[in-house]
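Okay, so here's the structure we're looking at.
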Amino acid sequence: MDLEDIKQLLELVRAHDLAEFELERDGLKLRVRKAGREIAHGVIMAPHEAVAPAAIPVAVPAASASTGAAPAKPEPADAVDLGVIKSPIVGTFYSATEPGAPPFVQVGDRVAKGQVLCIIEAMKLMNEIESDCDGEIVKVYVENGKAVQFGDRLFAIKVS
């Protein structure tokens, strides 16, 4: 491993906002840890950026007079405004603190802004994913223990 390799690793740590990175290769052990992280019970709790919910538009296709299609039903007056919480990192999705524990949230649960929805483990670091809006969980897109990629949908929330 030469200086260029180390520079590339440091750039990856910066680009993915990793709290800590450790690599052992060919007898060389490299450990990078960013300052400003809190360690609780051996788990680094990294402050994370809130992922803004993306509104899912409810589209009603317009009927074409030339095709003779039936007119589209009008959109209900109380159209649902859904927020989607997406994964800010690559890792493993956990719906609870440990196996057998109740999940943080389930479909139908009311959530408040800042409430923990799940944990995503990335490189042995447990990252709490919080709701960035008040509302009701209407869909959980990921199964417990499954891998998620950056930008994968985790939850749909009916914003209130």
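The distance from the CD1 atom of I119 to the OG1 atom of T92 is 12.0 Å, given to the nearest 0.5 Å. To the nearest 0.5 Å, atoms SG (C118) and CG (L154) are separated by 5.0 Å. Distance CD/E128 to CD1/I120: 11.5 Å, rounded to 0.5 Å.
Heavy-atom minimum distance, G83 versus V159: N-CG2, 3.8 Å. Between R153 and V84 the shortest heavy-atom distance is CG-CG1, 3.6 Å. Closest non-hydrogen pair, S95 versus N144, comes out as N-OD1, 2.8 Å.
Using a 4.5 Å cut-off on side-chain heavy atoms (C-beta onward), V138 and L82 make contact. Side-chain contact between V140 and L117 is absent, with no heavy-atom pair separated by less than 4.5 Å.
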In a table with atom names and distances, give each donor-acceptor pair under 3.5 Å that connects a side chain of residues 98-115 to protein atoms at least two apart or in another chain.
{"from": "D109", "atom 1": "OD2", "to": "Q106", "atom 2": "N", "distance (Å)": "2.8"}
{"from": "R110", "atom 1": "NH2", "to": "S160", "atom 2": "OG", "distance (Å)": "2.9"}
{"from": "Q115", "atom 1": "OE1", "to": "A112", "atom 2": "N", "distance (Å)": "3.0"}

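Both Y141 and I89 are part of a single hydrophobic cluster, where members link through side-chain heavy atoms under 4.5 Å apart.
In this structure, the side-chain contact (heavy atoms from CB on, under 4.5 Å) partners of E143, at least two apart in sequence or on a different chain, are K146.
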